[in-house]
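Right, one structure below, let's go through it.
Side chains are part of it too, since the values below use all heavy atoms of this structure and drop only hydrogens, waters and symmetry mates. By convention in this document, chain letters (A, B, ...) are assigned in the order of the sequence lines, proteins followed by strands, and residues within each chain are numbered from 1.
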Number of protein chains: 2
Amino acid sequence: MAEATTKAPRRSDALSKERIVAAAVEILDAGGEAELTVRGLTAHLATGRGAVYHHVSGKHDLLAAATDRVISEVTSGARSEEEASEAIRALALGIFDAIDAHPWVGTELSRNPMQPAVLRIWTSIGVQLQRLGLEPDALPAAGSALVAYVLGSTAQYVAGPRRATSEVDRQAFLEKVADQWRTHAPQAHVTEAAAALVEHDDREQFLEGVDIVLAGIKHR
Amino acid sequence: MAEATTKAPRRSDALSKERIVAAAVEILDAGGEAELTVRGLTAHLATGRGAVYHHVSGKHDLLAAATDRVISEVTSGARSEEEASEAIRALALGIFDAIDAHPWVGTELSRNPMQPAVLRIWTSIGVQLQRLGLEPDALPAAGSALVAYVLGSTAQYVAGPRRATSEVDRQAFLEKVADQWRTHAPQAHVTEAAAALVEHDDREQFLEGVDIVLAGIKHR
DNA sequence: ACCTGAACACCGTTCAAGT
DNA sequence: ACCTGAACACCGTTCAAGT
């Protein structure tokens with residue numbers, strides 16, 4: 001009987017928020033933010049232009065959901081067995097690597113700092129910081145400093161969202177900074193620092209910064 | 001004779017990059033990024049649609065120039081008489097206040113981290129850090145940490161660029177963070193920290209973060 | 001309920017034509 | 001050289017009409 005009253009079977013590939021978000025992530029990974037258009041997305045999903053609006057409220061919602069999808073994989077993998085500052089380093093590195101793999105995430109996190117993905121980051125960092133044994137009234141500033149550092153770094157790290165030649169441009173930018181440093185303070189050790197600035201490894205330097213902020217939280 | 005051969009006098013309000021950028025800043029301050037359109041801008045300047053393209057290369061260039069205009073006022077006001085860490089605190093606060101007055105600047109700095117305004121910030125911070133007496137090979141990580149913290153904080157601080165009710169939303173977001181903290185670690189002192197998170201003063205907390213990073217740079 | 005796709009109300013940028 | 005404004009090639013979103 002159940003069989004008889006069943007309506008025409010649903011297409012196995014029926015639209016859903018999950019499928020739409022997955023397609024958006026694919027497009028964003030392939031072509032960056034400029035490539036994500038409703039037209040392109042609906043073509044990719046082989047559906048009509050307005051179909052996605054039954055599942056997401058608009059492009060902002062879609063971008064936030066795609067970002068949350070990437071970030072939630074990082075924060076849900078957090079391990080609580082290790083020491084708190086080690087867990088924070090691991091969490092920060094996880095975010096860095098996720099943004100390295102999906103540069104549009106870095107841009108989106110900074111552009112809209114009140115989205116679900118940022119809430120996840122705040123929560124994870126807060127939980128670990130709490131294990132560090134800080135005074136309660138020191139926790140907000142410590143959390144805010146770490147979140148700001150992590151999101152600020154990743155925004156700095158991902159090149160401008162619109163340029164294909166991003167790696168070249170980033171190098172060129174750092175060389176400009178180094179030039180300025182040399183011009184304003186031409187001592188030998190500044191020249192040395194300027195050279196180091198251009199040649200550093202981004203990932204290592206990001207971790208150094210996490211350690212700086214952690215040291216500051218402990219020793220202030 | 002000079003008089004006789006003079007062409008028809010130039011309109012005293014002839015277009016120039018400076019005038020265009022000034023108009024853009026006005027529009028951005030009044031209505032935010034969404035309000036800045038080429039149509040609106042050229043109407044405001046009482047000129048034809050394509051006229052601005054003789055002076056700026058496009059909308060990206062215009063936005064970067066407007067941002068640089070705001071930031072250059074901060075960095076050029078830097079004083080070198082004071083102690084280095086005091087100068088860094090003053091510089092950071094100057095940037096914070098500029099972004100408080102022009103929220104679109106915060107969004108733009110993070111969106112495109114390789115623009116002239118960011119170069120100014122790097123330069124100013126580098127010059128002051130150099131006076132702190134760091135080892136040359138510690139300078140790049142210290143500079144990068146400070147720049148990331150400052151830009152990350154201001155991006156967090158300015159609400160999402162598209163919402164009018166930003167102050168309400170920011171409060172609501174912090175309450176969500178506080179809720180998560182309480183849920184994940186319901187100890188009394190976490191509850192206390194969560195309350196402090198919601199009630200803090202943004203500007204004070206920003207400065208606390210600068211001190212945390214400075215302490216970390218010195219004590220790592 | 002869900003989907004379609006034309007229509008709507010916009011964009012940034014270009015470029016022949018004017019001065 | 002500089003400016004004009006129509007034209008071009010797009011956008012995100014809505015909505016009557018279909019199933």
Can you tell me which nucleotide in [options] comes closest to the side chain of [X]?
| X | options | value |
| --- | --- | --- |
| B:Arg49 | D:dA6, D:dC2, C:dA7 | D:dA6 |
| A:Leu15 | D:dC3, C:dC3, D:dA6 | C:dC3 |
| B:Val38 | C:dG12, D:dC3, D:dT13 | C:dG12 |

Between [N] atom [atom2] and [X] atom [atom1], what is the distance in whole Å?
| X | N | atom1 | atom2 | answer |
| --- | --- | --- | --- | --- |
| A:Lys17 | C:dC2 | NZ | C1' | 17 Å |
| A:His54 | D:dT13 | NE2 | C1' | 12 Å |
| A:Tyr53 | C:dC3 | OH | C1' | 15 Å |
| B:Lys59 | D:dC10 | NZ | C1' | 14 Å |
| B:Leu45 | D:dC2 | CG | P | 16 Å |
| A:Leu63 | D:dG12 | CG | P | 11 Å |
| B:Glu35 | C:dC10 | CD | P | 12 Å |

message: Could you check whether A:Asp169 pairs with A:Lys176 (Lys NZ or Arg NE/NH1/NH2 to Asp/Glu carboxylate O, under 4.0 Å)?
response: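 Salt bridge flag = no for A:Lys176 with A:Asp169.
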Item checked: Side-chain (B:His184) to main-chain (B:Trp181) donor-acceptor, under 3.5 angstrom ->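 A pair under 3.5 Å: no.
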Donor-acceptor pair, distance only, cut-off 3.5 Å: does the side chain of A:Ser110 make one with the backbone of A:Thr107?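 No.
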Open item on the list: Classify B:Leu41 by what it touches in the nucleic acid, base, sugar-phosphate, or nothing, heavy-atom distance under 4.0 Å.
Closed with: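 Touches nothing.
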Under 4.0 Å between any heavy atoms, over every strand shown, what does A:Leu36 touch: base, sugar-phosphate, or nothing? Just pick one.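 Since only primed, P, OP1 and OP2 atoms lie under 4.0 Å of A:Leu36, the category is sugar-phosphate.
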Could you let me know what D:dC11 is paired to, Watson-Crick or G-U wobble, both distances under 3.5 Å, or none if it's on its own?
->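 In the structure as shown, D:dC11 has no Watson-Crick or wobble partner.
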### Message
Need the pair for D:dA17. Rule: Watson-Crick or G-U wobble, both distances under 3.5 Å, any strand; none if unpaired.
### Response
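Matched D:dA17 with nothing under the 3.5 Å cut-off.
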Is there, by distance only and without an angle test, a donor paired with an acceptor across the side chain of B:Arg39 and the base of C:dG12 below 3.5 Å?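 When only heavy-atom distances are counted, B:Arg39 does reach the base of C:dG12 through a donor-acceptor pair under 3.5 Å.
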- Task: State whether B:His55 places a side-chain N or O below 4.0 Å from either non-bridging phosphate oxygen (OP1 or OP2) of D:dC2.
- Result: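 False: B:His55 side-chain N/O out of range (4.0 Å or more) of D:dC2 OP1/OP2.
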Point to revise | Evaluation steps, salt bridge (Lys or Arg N to Asp or Glu O under 4.0 Å), between B:Asp100 and B:Arg203 | key: CA-CA 10 Å; B:Asp100 191 37; B:Arg203 197 167 181 273; over 6 Å; no
Original post:
How far apart are the closest heavy atoms of B:Ala117 and B:Thr67, and which atoms are they?
Top reply: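 Result for this residue pair: CB-CG2, 3.8 Å.
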